[in-house]
Amino acid sequence: MTERSVTHATFVVERFYEASPNRVFRAFEDPEAHDRWFVQGEGWEVAEYTHDFRVGGREGGRFSPTGDPVVYSNQAEYHDIVPDERIVSTYSMARDGVTMSVSLATIEFRAEGSGARLIYTEQGAYLDGIDQPTMREQGMNWLFDALAKELQREPAGA
Amino acid sequence: MTQRSVTHGTFVIERSYPVPPARVFKAFADPKAKAQWFVGPEDWNSGPNSLDFRVGGTETNVGGPKGGPVHTYRCLYQDIVPDERIVYTYDMLMDEVRISVSLATLEFKASDKGTHLVLTEMGAFLDGFDKPAQREEGTQGLFQALDAYIATLTADA
């Protein structure tokens with residue numbers, strides 16, 4: 001019998017981007033932009049991913065580290081969207097079909113000086129010791145680095 | 001324009017029950033059992049309610065004081081280990097306004113006396129409509145109703 005356990009943890013990641021809150025928000029809202037920085041991560045093979053950015057929308061996909069047969073999947077739901085200001089979502093992560101975490105993620109966008117401050121708060125339940133909060137925090141930091149690169153691209157329509 | 005805010009909070013509620021984990025689990029998993037205790041005050045309007053207890057399934061519980069705001073609980077089941085664990089996320093709405101989004105874990109642990117139940121709730125409370133302390137108080141009220149329901153099981157035994 002599997003020894004069951006749950007680890008609860010909250011972490012916060014803050015970033016300042018030289019881009020308007022609207023531009024940063026658009027990187028989450030626009031499927032093409034979201035796909036570039038959030039889905040198509042370096043070192044990952046994405047088997048499938050569907051975007052559904054609206055309150056009640058569910059999105060997710062399946063992906064593997066390059067050359068590794070293990071399949072990770074995520075299933076997210078958008079709960080609250082305030083354009084240019086806030087996104088609240090929940091998501092579960094599974095490894096080879098076994099749920100390893102369920103998280104509640106809040107993103108706040110605030111105008112600050114010539115750009116935007118992004119405050120990401122993730123509250124999570126990590127199941128049966130498969131994943132750890134510190135690993136997740138590191139993963140989110142990589143993603144927000146990728147978002148910085150996305151925001152350095154020419155704005156669409158500019 | 002609304003001033004936007006988010007307050008994050010976590011609380012834990014624990015209980016000890018003199019019945020096996022399977023019987024406590026059933027109080028959450030079985031729609032008829034859950035309807036015995038997961039309800040608003042007696043003088044509230046209630047419904048429509050539904051419970052689809054499976055991973056990916058949803059639960060809705062609607063109620064409110066007569067002539068007052070409609071409280072809507074909308075839950076999505078994320079992880080279920082029979083008799084051991086339930087992980088779910090839920091929204092609370094007051095009329096059409098979403099006041100919070102929460103992630104809750106229920107752990108059912110076998111103990112010498114029966115079951116040790118642990119609820120851990122992590123929440124994002126939106127725009128100042130509700131607070132973690134208020135939610136904890138409201139959830140304590142639901143657990144008192146659960147206590148009374150479990151007591152009827154032991155009385156039957």
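Every chain is numbered from 1, with letters handed out A, B, ... down the list of sequences.
- Heavy-atom distances place the backbone of A:Ala9, and not its side chain, under 4.5 Å from chain B.
- In this structure, the separation between OG1 on B:Thr10 and NE2 on A:His8 is 8.5 Å, given to the nearest 0.5 Å.
- For a residue to count as touching a neighbouring chain, one of its non-hydrogen atoms must lie under 4.5 Å from one of that chain's; by this rule A:Gln75 does not touch chain B.
- A side-chain donor-acceptor contact under 3.5 Å links A:Thr106 and B:His8.
- Between chain A and the options B:Gly123, B:Ser102, B:Gly56, B:Ala104, the largest number of non-hydrogen pairs under 4.5 Å is found for B:Gly123.
- Counting non-hydrogen atoms of other residues, nucleotides and ligands closer than 6.0 Å to CZ of A:Arg36 gives a total above 12.
- Residue A:Ser89 does not touch chain B at all, counting heavy-atom pairs closer than 4.5 Å.
- Contact detail for B:Leu103 and A:Gln123: the closest heavy-atom pair is CD2-O, 3.5 Å.
- Looking at B:Val101, the atoms closer than 4.5 Å to chain A (heavy atoms on both sides) sit in the backbone and in the side chain alike.
- Side-chain atoms of B:Thr120 and A:Val6, non-hydrogen and from C-beta on, never get closer than 4.5 Å to each other.
- For A:Ser101, no part lies under 4.5 angstrom from a heavy atom of chain B.
- Under 4.0 Å is where a charged nitrogen must lie from a carboxylate oxygen, and between A:Asp80 and B:Arg4 no such pair does.
- Looking at A:Val88, the atoms closer than 4.5 Å to chain B (heavy atoms on both sides) all sit in the side chain, from C-beta outward.
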Inset, instruction - Step by step, work out the side-chain contact (heavy atoms from CB on, under 4.5 Å) result for A:Asp128 and B:Arg85. - result: CA-CA 11 Å; A:Asp128 306 326; B:Arg85 182 169 71 208; 2.8 Å; yes
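- The environment of CD in B:Gln134 is crowded: more than 12 heavy-atom neighbours from other residues, nucleotides or ligands sit within 6.0 Å.
- The part of B:Val81 that comes within reach of chain A is its side chain, from C-beta onward, which places non-hydrogen atoms under 4.5 angstrom from that chain.
- Across all non-hydrogen atoms, the minimal contact from A:Leu104 to B:Met122 is CD2-O, 3.7 Å.
- Side-chain N or O atoms of B:Arg98 include one that pairs as donor or acceptor with a backbone N or O of A:His79 at under 3.5 Å.
- Dense packing is recorded around NZ of B:Lys66, with more than 12 heavy atoms of other residues, nucleotides or ligands lying under 6.0 Å away.
- Hydrophobic clustering (ILVMFWY, side-chain heavy atoms < 4.5 Å, transitive): B:Leu146 and B:Tyr73 are in one cluster.
- Linking Ile, Leu, Val, Met, Phe, Trp and Tyr whenever their side-chain heavy atoms come within less than 4.5 Å puts A:Phe53 and A:Val55 in one cluster.
- Judged purely by atom type and a 3.5 angstrom limit, A:Arg86 uses its side chain to pair as donor or acceptor with the backbone of B:Ser5.
- Residue A:Thr99 comes nearest to B:Gln78 through the heavy atom pair OG1-O, 4.3 Å, listed as atom of the first residue, atom of the second, then distance.
- Residues A:Ile81 and A:Leu147 are members of one and the same hydrophobic cluster, defined by side-chain heavy-atom contacts under 4.5 angstrom among Ile, Leu, Val, Met, Phe, Trp and Tyr.
- Under 4.0 Å is where a charged nitrogen must lie from a carboxylate oxygen, and between B:Asp83 and A:Arg4 no such pair does.
- A continuous path of ILVMFWY side-chain contacts below 4.5 Å connects B:Val19 to B:Ile13, so both sit in one hydrophobic cluster.
- No continuous path of hydrophobic side-chain contacts links B:Val39 to B:Tyr90 [ILVMFWY only; heavy atoms under 4.5 Å].
- Heavy atoms from other residues, nucleotides or ligands lying under 6.0 Å from CD of A:Glu32 number 12 at most.
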